[in-house]
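None of these values were measured; they are calculated from a predicted model. These values consider heavy atoms only, across backbone and side chains, with no hydrogens, waters or symmetry-generated copies.
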Amino acid sequence: MTLDLRRQGSVEEDMVFFAMPYEDKELPNGRTENFDDLYEGHFEDWIRNWELRAERADKVPGTTESAMDVAWSGIDRAGIVVADLSVPSTSVAMELAWALCLRKRLVVIAHKGAQVPSNALGQFRVVWYEWSVRGLFELRKSLRAEIEALRRQPRAPEMDLRPYTPEDRQRARARVEEVSEDHIRVRDLRNPRRIAEMHKRDIGYHETIPDHMSQRFHVGRDYPGFFVYRDNVLVFTQQEGEDPWDGWERTYQRGAVFTARVYQVNNAGVWVELPGGGRSRMRAHEAAGLKENDEVQVAIRWIDRMRQRIEIGAANPPAGTSVAAPAVPLPALSLDDYPRPGERQGATVAVVNESFVLVRLDDHPEVPTLALLHARRMLPALREELEAGRLTEGRRVLVDVEEVGPSRTKPGRVDIRVREVEGELPPEGGSVAEVPAW
């Protein structure tokens, strides 16, 4: 169901909208009463006698709209909203939230003993009542007093609403305050109280995703982007428009040749733009003499969506050099025979380096790729052995598979990254836990 939550017209000062339960409901005292009788036999008469108009979503005659659409329309137009929180009700809670959002003049009533949310109690004063002859008589007096008091007060400006579209995002500049491996923390230069994180997935579509965010972002420097809410959390992103990588993967097949335009030349190299918008950097020995706006024939070496990187080479390289790309696209790499992220198993150290080791996974001896276990992913005891030079080949460890995907440096290969975990090592060749099928 889609609701058109926009302001539709002017406020009708003499209209009182009732957000309340319907039909038979059990009260906090255990009795069951009919809220339709309360509205039709009491609230409507009271409001009419006070020379006002009562409205409830299910009592609007001749409408073909849903009850929620009618409720929104009623709250939108109402001069005053009365919300009855006597029993738990999702629709009443939603209508109350709308009234608060629009800054409506609001009266909240509830039967004695009702469980009114504590965070709501801080927003308004509750008029308590009992469902009895005397109780409803007292409610009539209290409700009239509340409504008359609100009508005497100058009406504060209500909230205006407009639909959100991506074009509403305003460009911003943010200063980096902290850099981690997979995210940075930034502060808005225009509004210093606004702080957010930017993760690797929010790097611009045309930029290569680094292994460590410090390779691209530095503390104290300013970067352009957008502050947006995602799942009710403020984030900083540099992505703009639709994600082009689906199209680029189909277009930039390995070995295909394109005419690219040089758009920047600097100390880092010669940067070119491909038809369709993809960007890449040419190697220095293949780009000698090129300047901005020159056109050059390039061949696709490989494309890595995980790192947002397109590797190219000159289609007609200078004598003595070659383009490492076949004339026809290679078949897509299947990961069916590789371990899956989340899988736990034993592993044997095969290669020892100063800051990492390569391990052979017990459950996948046929896989040609050794898994990378970096020092940062080791438990303290193993890391101490590595730093002290005592770690040797053949040592067995228990690991969790963290990442499996196309190699970032070797086209056609697969990278496996693992981390050491605590637990009992299984017999060699035995797995510790099952994971869902890929």
Problem - Check against side chain to side chain contact (heavy atoms under 4.5 Å, CB included), Val126 and Ile109 - result: CA-CA 5 Å; Val126 178; Ile109 64 176; 5.9 Å; no
Exercise for the section: Evaluate salt bridge (charged side-chain N to carboxylate O under 4.0 Å, His left out) for Arg417 paired with Glu402, printing each intermediate quantity in order. Expected result: CA-CA 6 Å; Arg417 296 173 182 267; Glu402 285 194 323; over 6 Å; no
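Contact check on Asp202 versus Arg230 returns a salt bridge, with a Lys/Arg side-chain nitrogen under 4.0 Å from an Asp/Glu carboxylate oxygen. Salt-bridge formation is not detected for the pair Glu311/Arg281: no Lys NZ or Arg NE/NH1/NH2 atom is positioned less than 4.0 Å from an Asp or Glu carboxylate oxygen. Here Arg144 pairs with Glu148 in a salt bridge; the nearest charged N to carboxylate O distance falls below 4.0 Å. For the pair Glu207 and Arg307, the salt-bridge criterion is not met [side-chain N within less than 4.0 Å of a carboxylate O]. At a threshold of 4.0 Å, the pair Glu420-Arg344 does not count as salt-bridged, since none of the basic side-chain nitrogens sits closer than that to a carboxylate oxygen. Asp14 and Arg151 are not joined by a salt bridge, as no carboxylate oxygen comes within less than 4.0 angstrom of a charged side-chain nitrogen. Ion pairing between a basic and an acidic side chain is recognised when a charged N comes within 4.0 Å of a carboxylate O; Arg175 and Asp188 show no such pairing. Of the charged side-chain nitrogens involved, none lies within less than 4.0 Å of a carboxylate oxygen, so that Arg383 and Glu385 do not count as a salt-bridged pair. Between Lys25 and Glu23, none of the side-chain N atoms (NZ, or NE/NH1/NH2) sits under 4.0 Å from a carboxylate O, so this pair counts as no salt bridge.
Taking the ring centroids of Phe35 and Tyr22, they lie at or beyond the 6.0 Å cut-off. Separation of the Phe258 and Tyr252 ring centroids falls under the 6.0 Å cut-off.
Without hydrogens or angle criteria, Ser280 side chain to Ile310 main chain gives a donor-acceptor distance under 3.5 Å. Between the side chain of Gln215 and the backbone N or O of Asp211, at least one donor-acceptor pair lies under 3.5 Å. Looking at Arg216, its side chain does come within 3.5 Å of a backbone N or O of Thr208 through a donor-acceptor pair. Side chain of Glu295 to main chain of Ala260: no donor-acceptor pair is present (N/O by atom type, distance under 3.5 Å, no hydrogens or angles). The backbone N or O of Val179 lies less than 3.5 Å from no partner atom in the side chain of His218, so there is not a single donor-acceptor pair. Under the 3.5 Å distance criterion, the side-chain polar atoms of Arg105 are matched with a main-chain donor or acceptor of Leu150. Side-chain atoms of Arg301 come within 3.5 Å of backbone atoms of Ile312 as a donor-acceptor pair (strictly under, hydrogens ignored). Panel note: side chain Ser73, backbone Asp69; no donor-acceptor pair is recorded below 3.5 Å. Under a 3.5 Å cut-off, the side chain of Glu249 and the backbone N or O of Asp304 do not form any donor-acceptor pair. With hydrogens and angles ignored, the 3.5 Å screen pairs a side-chain donor or acceptor of His111 with a backbone N or O of Trp131.
A cation-pi contact links Arg279 to Tyr263, judged by a cut-off of 6.0 Å to the six-membered ring centre and 45° from its axis. For the pair Arg56 and Tyr39, the distance from NZ or CZ to the six-membered ring centre is under 6.0 Å and the angle to the ring normal is within 45 degrees.
The line from CG of Leu96 to NZ of Lys104 is 13.5 Å long, rounded to the nearest 0.5 Å. His212 contributes atom NE2, which lies 8.0 Å from atom NZ of Lys200 (distance to the nearest 0.5 angstrom). The line from CD1 of Ile209 to CG of Asp182 is 11.5 Å long, rounded to the nearest 0.5 Å.
Contact of the Phe18 side chain with the Ile47 side chain is registered, since non-hydrogen atoms from C-beta on lie closer than 4.5 Å. Put simply, the side chain of Val257 does not reach to within 4.5 Å of the side chain of Val298, judged on heavy atoms. Here the side chains of Glu343 and Asp363 are in contact, with some heavy-atom distance below 4.5 Å.
Inspection of the His199 and Glu197 side chains reveals an N or O donor paired with an N or O acceptor under 3.5 Å. There is no side-chain donor-acceptor pair under 3.5 Å between Glu240 and Gln238. Judged purely by distance below 3.5 Å, without hydrogens or angles, the side chains of Asp84 and Tyr129 pair a donor atom with an acceptor atom. Between the side chains of Asp76 and Trp98, no donor N or O sits under 3.5 Å from an acceptor N or O.
Ring planes of Trp248 and Trp245: perpendicular class, angle over 60° (limits at 30 and 60°).
Residue Gln115 qualifies as open at atom CD: its count of foreign heavy atoms under 6.0 Å is 12 or below.
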